[in-house]
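So the structure is just underneath, and the comments pick up after that.
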Amino acid sequence: IIVHPDVRRVLMGIRAFNEAARALVLWTALNGDISHRSEDDKAQQAADDMMGLMTPVLKGVLTDTGFANTVNAQQMFGGHGYIAEWGMEQFVRDARIAMIYEGANGIQALDLVGRKLPAHGGRAVMGFFNEVGTFLQENAENEALAAFTGPLKNGLEDLQKATMWFMNNAMTKPDNAGAGSTDYMHLFGLVALGYMWARIAKTVQEKLSEGAGDRQDWLKAKLTFGTFFMERLMPETGAHLARISTGADTMMALPAEAF
């Protein structure tokens, strides 16, 4: 069934997400090490800020999408995916618990928007914006990386707009923050994952230019998966921004009895 584009869409989506997610976990863990071990006070503070900011993103986005991807993988088996013989139904059940056992992911989203964003005057999120923005500036003339930096720039702009929307509309009306928090968490996750793919792509291109030996096919495949992420997954930042911008009015319009 691998000849069918839709099968490839599903499998490439899973792989493109997983590779970036692993990189994001390692990058955040590295910041955790720096925050505990660095002798540079500024570096320690910046790393601690990033660790705190990314924790709800990792918990929420990776488990939400991880479960969805497990269900998508189950779908590849058709009806056989629902029975125990192939093992996929067990993976689906195992993945489901991750969305709740450290707190429901809606709480992770509220933690991100309600606590992590405003902490220290927004210092952590501004640090993230600056890091990604600096990467984009440094690679603005790198045409070979344009397939990554272009979508990443668009995604970062959507994330910045969403952050400003909260600043302008949630201070006096907290329900606006609650209504958009899950979309914001996933918007943030897409940009963070896109940043990982851009960094991976730059490293891969450098390795290929050095020759890479018998690893060329493996490295080129990484670029293909990364390009797929930028083409197919990163544009979802626009949808998240649009939903955030509708605010809470419709959600809060119904009386409790209507539920």
Side-chain angles (χ1 to χ4, degrees), residues 2-31 34 43 46-47 50 53-54 57-58 61-62 65-66 69 72 125-163 186-241:
I2 199 63
V3 298
H4 297 293
D6 195 60
V7 170
R8 290 178 173 235
R9 174 189 63 82
V10 173
L11 296 179
M12 290 183 75
I14 295 170
R15 175 83 173 265
F17 175 84
N18 285 351
E19 293 209 14
R22 289 168 183 162
L24 185 59
V25 169
L26 291 171
W27 178 72
T28 305
L30 178 61
N31 276 302
I34 294 170
M50 201 63 66
L53 179 68
M54 297 308 301
V57 176
L58 290 175
V61 175
L62 268 58
T65 310
N69 282 343
N72 286 336
V125 72
M126 291 305 299
F128 179 78
F129 290 164
N130 289 336
E131 177 163 344
V132 179
T134 298
F135 177 89
L136 290 170
Q137 289 178 355
E138 291 174 347
N139 295 280
E141 304 302 319
N142 186 346
E143 290 297 326
L145 207 58
F148 294 86
T149 53
L152 177 59
K153 183 175 183 293
N154 293 337
L156 179 62
E157 289 174 353
D158 285 342
L159 181 59
Q160 290 170 327
K161 289 175 183 176
T163 305
H186 281 277
L187 169 50
F188 207 120
L190 283 169
V191 175
L193 293 167
Y195 178 44
M196 293 299 103
W197 263 122
R199 292 184 60 172
I200 291 168
K202 183 176 181 179
T203 300
V204 167
Q205 289 173 354
E206 290 170 353
K207 295 295 184 183
L208 287 171
S209 68
E210 295 168 3
D214 58 2
R215 302 176 70 215
Q216 286 196 30
D217 290 344
W218 181 75
L219 290 170
K220 288 177 181 178
K222 277 193 176 293
L223 290 178
T224 301
F225 284 114
T227 302
F228 179 93
F229 183 95
M230 292 301 188
E231 291 177 351
R232 289 284 184 145
L233 303 183
M234 184 60 81
E236 292 174 12
T237 60
H240 289 303
L241 174 61

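The figures that follow rest on heavy atoms only: side chains count, while hydrogens, waters and symmetry mates do not. Residues: numbered from 1 along the sequence shown.
- Under the salt bridge (charged side-chain N to carboxylate O under 4.0 Å, His left out) criterion, Arg9 pairs with Asp6, sequence neighbours left out.
- Here the closest heavy-atom approach between residue Phe188 and residue Val125 is recorded as CE1-CG2, 4.0 Å.
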**Request:** Before giving the answer on side-chain contact (heavy atoms from CB on, under 4.5 Å), spell out for Asn72 and Leu11 the whole-Å C-alpha distance, their side-chain angles and the decisive distance to 0.1 Å.
**Result:** CA-CA 8 Å; Asn72 286 336; Leu11 296 179; over 6 Å; no
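- Residues Phe228 and Met12 come closest through the heavy atom pair CE2-C, 3.8 Å.
- Two residues are said to be in side-chain contact when any heavy atoms from C-beta on lie closer than 4.5 Å; Leu219 and Gln205 fail this criterion.
- A donor-acceptor pair is defined here as one N or O able to donate and one able to accept, closer than 3.5 Å; no such pair exists between the side chain of Thr65 and the backbone of Leu62.
- Atom CE of Met126 sits about 9.0 Å away from atom OG1 of Thr163, to the nearest 0.5 Å.
- Across all non-hydrogen atoms, the minimal contact from Gly133 to Leu156 is N-CD2, 4.1 Å.
- In terms of heavy-atom proximity, Asn69 sits nearest to Ile14 at O-CD1, 3.5 Å.
- Rounded to the nearest 0.5 Å, atoms CG (Leu159) and CG (Leu241) are 9.5 Å apart.
- The backbone N or O of Phe225 lies less than 3.5 Å from no partner atom in the side chain of Arg15, so there is not a single donor-acceptor pair.
- Annotation: side chain of Thr28 is not in contact with side chain of Met50 (no heavy-atom distance under 4.5 Å).
- When all heavy atoms of Phe128 and Leu53 are compared, the closest pair comes out as CB-CD2, 4.0 Å.
- Taking all atoms of both residues into account, the shortest heavy-atom contact from Gly155 to Thr237 is CA-OG1, 3.8 Å.
- Rounded to the nearest 0.5 angstrom, Leu223 CG and Met230 CE are separated by 11.5 Å.
- No side-chain donor-acceptor contact under 3.5 Å links Glu19 to the backbone of Lys222.
- In this structure, Trp197 contributes its side chain and Ala192 its backbone to no donor-acceptor pair below 3.5 Å.
- Residues His240 and Asp158 fail the side-chain proximity criterion, which asks for heavy atoms closer than 4.5 Å.
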N/O donor-acceptor pairs under 3.5 Å from side chains in residues 135-152, not counting sequence neighbours:
from   : atom 1 : to     : atom 2 : distance (Å)
Asn139 : OD1    : Lys202 : NZ     : 3.1
Asn139 : ND2    : Phe135 : O      : 2.8
Asn142 : OD1    : Ala144 : N      : 3.2
Asn142 : OD1    : Leu145 : N      : 3.4
Thr149 : OG1    : Leu145 : O      : 3.3

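- A distance of 10.0 Å separates NE2 in His186 from CD in Glu236, rounded to the nearest 0.5 Å.
- By the 30° and 60° cut-offs, the orientation of the rings of Trp27 relative to Tyr195 is perpendicular.
- For the atom pair CE of Met234 and OG1 of Thr227, the computed distance is 12.0 Å after rounding to the nearest 0.5 Å.
- Here CG of Asn31 is found 11.5 Å from CG of Leu26. Values are rounded to the nearest 0.5 Å.
- Using a 4.0 Å cut-off between a side-chain N of Lys or Arg and a carboxylate O of Asp or Glu, Glu157 and Lys161 do not qualify as a salt bridge.
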